[in-house]
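After the structure tokens below, expect a handful of questions from me.
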Protein chains: 2
Amino acid sequence: MIDNNVNLVSKLKEFSIKPSIQRIEILEYLMDNRIHPNVETIYSNLVDKMPTLSKATVYNTLDLFAKKGLTNRLYIEPNEVRYDIRKDAHGHFKCEKCKKIEDVEIYNIETDISKNGYNGIIHAEEINYRGICEACAK
Amino acid sequence: MIDNNVNLVSKLKEFSIKPSIQRIEILEYLMDNRIHPNVETIYSNLVDKMPTLSKATVYNTLDLFAKKGLTNRLYIEPNEVRYDIRKDAHGHFKCEKCKKIEDVEIYNIETDISKNGYNGIIHAEEINYRGICEACAK
DNA sequence: CTTCTGATTAGAACAATTATAATACTATTT
DNA sequence: AAATAGTATTATAATTGTTCTAATCAGAAG
């Protein structure tokens with residue numbers, strides 16, 4: 001546990017984020033639960049452990065994480081932001097039946113629009129699919 | 001005008017949508033304004049012409065259009081759904097400065113995840129970029 | 001110890017969306 | 001033409017994710 005916290009703290013420091021108990025706990029939750037959670041899910045899972053936690057803190061923390069490049073914001077849901085700590089290029093699949101969001105591997109991808117003559121500055125890229133997932137399809 | 005409406009009506013029928021005045025007007029707005037509007041924008045632009053229009057009708061109509069495959073719902077914004085009538089494969093670029101959403105062409109794209117061994121049923125695909133657009137970048 | 005800055009909180013405010021119940025319209029059948 | 005059934009539309013309330021704001025807290029700096 002202590003050893004684990006050392007890792008979490010150094011992870012935060014690696015991204016120039018000052019560690020606080022709330023930030024460590026939120027980071028730990030994200031790393032242990034790769035389910036692309038929303039703020040509500042994160043909050044309700046941590047509030048038992050940290051009774052003084054507020055939703056605003058979760059929002060603030062995740063905004064900070066995103067700004068520092070530690071997490072990505074996912075806009076795959078119409079009405080809520082999801083968060084993903086996995087940083088390598090991959091896509092997401094939202095199952096319309098079971099509602100789960102899965103990572104999907106995307107090989108051979110060529111979506112670098114700068115190679116297509118686009119000269120804007122790209123900060124983030126997101127590839128989303130919607131449909132029926134493998135488990136629900138059969 | 002009458003001629004134009006004929007086109008709009010046949011477009012609706014092509015997608016098995018029963019024409020109504022509201023549906024014709026909303027479709028016309030989408031075809032004339034390729035700005036990926038949200039419900040609010042569509043509503044406020046049409047309410048002068050059709051004073052009895054309600055937002056619920058706009059929501060219902062766009063949900064119907066999406067279900068029938070006439071439009072796509074875009075989740076590029078955190079808290080609101082945008083609508084796009086263009087149906088060929090392309091991406092979207094949201095400028096964080098001027099807030100505009102542009103279409104971006106994506107050539108050489110290989111995002112067909114079924115080719116990567118994914119066996120789910122894909123209903124929709126979305127590729128979003130965020131950053132600073134060409135106009136704001138220079 | 002005091003001051004200052006940034007972190008955190010709690011709760012109000014806001015805005016997009018959905019749900020619901022009532023009303024109006026349209027087409028069909030009698 | 002009248003009655004009926006089914007759909008379209010409305011108006012409003014309710015819900016919900018997010019942001020804002022003012023107050024408090026914790027820790028660092030002087």
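In the text below, chain A, chain B and the rest are named by the order of the sequence lines, each starting its count at 1. When reading the values below, keep in mind they use all heavy atoms of this one structure, side chains included, and skip hydrogens, waters and symmetry mates.
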Listed pairs, N/O of protein and of nucleotides 12-19 of chain C, under 3.5 Å:
from, atom 1, to, atom 2, distance (Å)
C:dA16, O3', B:Asn79, O, 3.1
C:dT17, OP1, B:Val81, N, 2.6
C:dT17, OP2, B:Tyr59, OH, 2.7
C:dT17, O5', B:Tyr59, OH, 3.2

What is the separation between atom CD1 on A:Ile42 and atom P on D:dG17, rounded to the nearest whole Å?
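Atom CD1 in A:Ile42 sits about 13 Å away from atom P in D:dG17.
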
Check for me, please, whether B:Leu53 and B:Ile17 land in the same ILVMFWY cluster - side-chain distances under 4.5 Å, paths through other members count.
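Yes; tracing contacts between hydrophobic side chains, which count when under 4.5 Å, links both residues.
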
Compare side-chain N and O positions of A:Ser20 against OP1 and OP2 of C:dT8 and report whether any pair is under 4.0 Å apart.
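Indeed, a polar side-chain atom of A:Ser20 lies that close.
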
Nearest-Å distance for atom pair CD1/P, residues A:Ile21 and D:dC25:
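It works out to 16 Å between those atoms.
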
Is it the case that A:Asn38 and A:Thr41 place a side-chain donor and acceptor less than 3.5 Å from each other?
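Checked: A:Asn38/A:Thr41 side chains pair up, N/O donor to acceptor below 3.5 Å.
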
For the residue pair B:Pro37 and B:Tyr29, what are the closest heavy atoms and their distance?
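Where B:Pro37 meets B:Tyr29 most closely, the heavy atoms are CG-CE2, 3.9 Å.
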
Under 4.0 Å between a side-chain N or O of B:Gln22 and OP1 or OP2 of D:dT9?
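Yes, within the criterion.
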
Could you state the CG-P distance from B:Asn60 to C:dA21, rounded to the nearest angstrom?
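Going from CG in B:Asn60 over to P in C:dA21 covers 16 Å.
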
Hey, is A:Lys99 close enough to A:Glu80 for a salt bridge, meaning N to O under 4.0 Å?
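No, this pair does not count.
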
With a 4.0 Å cut-off on N to O distance, would you call A:Glu105 and A:Arg86 a salt bridge?
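Answer for the salt bridge query: yes.
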
Kindly give the atom pairs (protein nitrogen or oxygen, nucleotide nitrogen or oxygen) under 3.5 Å for nucleotides 26-30 of chain D.
none

Any heavy-atom pair between the side chains of B:Ser16 and B:Lys68 that's under 4.5 Å?
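Yes - at least one pair of side-chain heavy atoms lies under 4.5 Å apart.
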
Between C:dA7 (C1') and A:Lys67 (NZ): distance, integer Å:
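It works out to 13 Å between those atoms.
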
Could you check if a side-chain atom of A:Leu8 sits within less than 4.5 angstrom of a side-chain atom of A:Leu12, using non-hydrogen atoms only?
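Side chain of A:Leu8 against side chain of A:Leu12, heavy atoms only: no contact under 4.5 Å found.
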
D:dA8 P sits how many Å from B:Leu62 CG, rounded?
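The distance from CG of B:Leu62 to P of D:dA8 comes to 15 Å, rounded to the nearest Å.
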
Given side chains that start at C-beta, do those of A:Ile76 and A:His36 come closer than 4.5 Å, heavy atoms only?
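When only atoms from C-beta onward are counted, A:His36 and A:Ile76 do not touch, as no gap falls below 4.5 Å.
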
Is the phosphate of C:dG11, meaning OP1 or OP2, less than 4.0 Å from a side-chain N or O of A:Ser54?
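Negative; the distance criterion is not met.
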
Nearest-Å distance for atom pair CD/P, residues A:Glu77 and D:dT18:
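Roughly 10 Å, once rounded to whole Å.
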
Can you list the residues that meet the side-chain hydrogen bond (donor to acceptor under 3.5 Å, both in side chains) rule with A:Ser44, with sequence neighbours excluded?
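For A:Ser44 there are no side-chain hydrogen bond (donor to acceptor under 3.5 Å, both in side chains) partners, ignoring immediate neighbours.
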
In whole angstrom, give the distance that lies between atom OH of A:Tyr43 and atom C1' of C:dT8.
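In whole Å, C:dT8 C1' lies 13 Å from A:Tyr43 OH.
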
Value in whole Å for how far the C1' atom of D:dT10 lies from CZ of B:Arg23:
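Going from B:Arg23 (CZ) to D:dT10 (C1'), I get 15 Å.
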
Which residue, A:Pro51 or A:Leu64, contacts DNA chain C at a nucleotide closer to its 5' end, judged by nearest heavy atom?
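Final value for this comparison: A:Leu64.
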
